[in-house]
Amino acid sequence: MTMPETVERRTKKRILRLSLIIPLLCGAAAILLLSSAIMASIVSDQETQDIFTDAAVIPPELLDEIVWLDDPDDLPREMEPLTRIAVTSSWIRAWEQLEIVARTGDTSGVEVYFANSAREGVLERAGQWSGRSVSQVGHDLQLSFYSEDGQVIGLSSVESHLVRTDRVDDVEFTRETRESYDAVLVLDDGNWRIHHWVRRSLEGGSWTASS
């Protein structure tokens, strides 16, 4: 004959059940939180990739429009061919990023290509570029300085051929410009970023309404 359970025994069983259930619930909650974090990371990475895609992909035809003028004879160090390719890529991508900022207002990718005063300048002007954009046609570049440690570059765009776009009401206007820039690029974490950037001149035709 089975003896009825005592209150003490029933209490011990409840405690045992709770001790088994609570870790399971905690584990399920942890898995749920981890899954949410992973999904959020995936979405964030995808959004970041979407932002950077346009700037990261260099139009092949644009590479043919990049001209390097002869380097000065008094540079502290001669620039290596691979470094010149990397600097060319960074310069083009920085301009592509500017177009993204002007077109969308999204500044998330600015720090990938700009730092210090150059980055601050882009961020300050981003709000003024609504309805405006700029696309690059070509650049004539010249090295003005290359540090002995290979970390700092002085670069002049003797001429940048650009197409600027502005919108007034529902009408879009464009004009071609010839501009010149002086810049300082620094090698940060393996990437050449523009730290200082000054426009020296601007020559452009009249604005024309797009058809």
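Model, not experiment: these values are computed from the prediction.
There is no path of hydrophobic side-chain contacts, each under 4.5 Å, that joins Leu69 to Val137. Val186 and Leu141 fall into different hydrophobic clusters, where Ile, Leu, Val, Met, Phe, Trp and Tyr side chains are chained together by heavy-atom contacts under 4.5 Å. If you chain together hydrophobic residues whose side chains sit under 4.5 Å apart, Leu155 and Val112 fall into the same group. At a threshold of 4.5 Å between side-chain heavy atoms, the hydrophobic network of Ile, Leu, Val, Met, Phe, Trp and Tyr places Met79 and Val158 in two separate groups. Residues Leu62 and Ile194 share a hydrophobic cluster, clusters being chains of Ile/Leu/Val/Met/Phe/Trp/Tyr side chains in contact below 4.5 Å.
The line from CG of Leu98 to OG of Ser133 is 11.0 Å long, rounded to the nearest 0.5 Å. Remark: Thr165 OG1 to Phe173 CZ distance equals 11.5 Å, nearest 0.5 Å. Glu99 contributes atom CD, which lies 10.0 Å from atom OG1 of Thr104 (distance to the nearest 0.5 angstrom). The distance from the OG atom of Ser135 to the CZ atom of Arg103 is 10.5 Å, given to the nearest 0.5 Å.
The side-chain heavy atoms of Tyr146 and Glu80, taken from C-beta on, include a pair separated by under 4.5 Å. Between Val87 and Trp68, some side-chain heavy-atom pair lies under the 4.5 Å cut-off. Side chains of Asp182 and Ser156 form a contact here, defined as non-hydrogen atoms less than 4.5 Å apart. At a threshold of 4.5 Å between non-hydrogen side-chain atoms, the residues Leu162 and His139 count as touching. Between Glu96 and Gln136 there is a side-chain heavy-atom pair separated by less than 4.5 Å. Side-chain contact check for Gln97 versus Ile100: some heavy-atom pair is nearer than 4.5 Å. Within the 4.5 Å cutoff, the side chain of Val122 has no heavy atoms near those of the Thr107 side chain. In this structure the side chain of Val101 never reaches within 4.5 angstrom of the side chain of Arg125, judged on heavy atoms.
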Audit row: Val134, Thr177, side-chain contact (heavy atoms from CB on, under 4.5 Å) steps and yes/no: CA-CA 10 Å; Val134 56; Thr177 63; over 6 Å; no
In sequence, state the C-alpha distance, the side-chain angles, and the governing distance for Glu159 and Val67, and then conclude on side-chain contact (heavy atoms from CB on, under 4.5 Å). CA-CA 10 Å; Glu159 182 175 273; Val67 177; over 6 Å; no
Applying salt bridge (Lys or Arg N to Asp or Glu O under 4.0 Å), run through Glu172 and Arg167 and close with a yes or a no. CA-CA 4 Å; Glu172 185 176 84; Arg167 180 175 291 277; 3.3 Å; yes
Chi angles and distances behind the salt bridge (Lys or Arg N to Asp or Glu O under 4.0 Å) call for Glu203, Arg178: CA-CA 5 Å; Glu203 296 179 3; Arg178 305 279 179 170; over 6 Å; no
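More than 12 heavy atoms of other shown residues, nucleotides or ligands fall within 6.0 angstrom of atom CG in Asp64.
Between the side chains of Trp192 and Thr83, not a single donor N or O lies within less than 3.5 Å of an accepting N or O.
With respect to His161, the side-chain hydrogen bond (donor to acceptor under 3.5 Å, both in side chains) criterion is satisfied by exactly one of Glu179, Glu65, Glu176: Glu176. Each of Tyr181, Phe114, Tyr113 was compared with Trp95 under the ring-ring contact (aromatic ring centres under 6.0 Å, His included) criterion, and only Tyr181 meets it.
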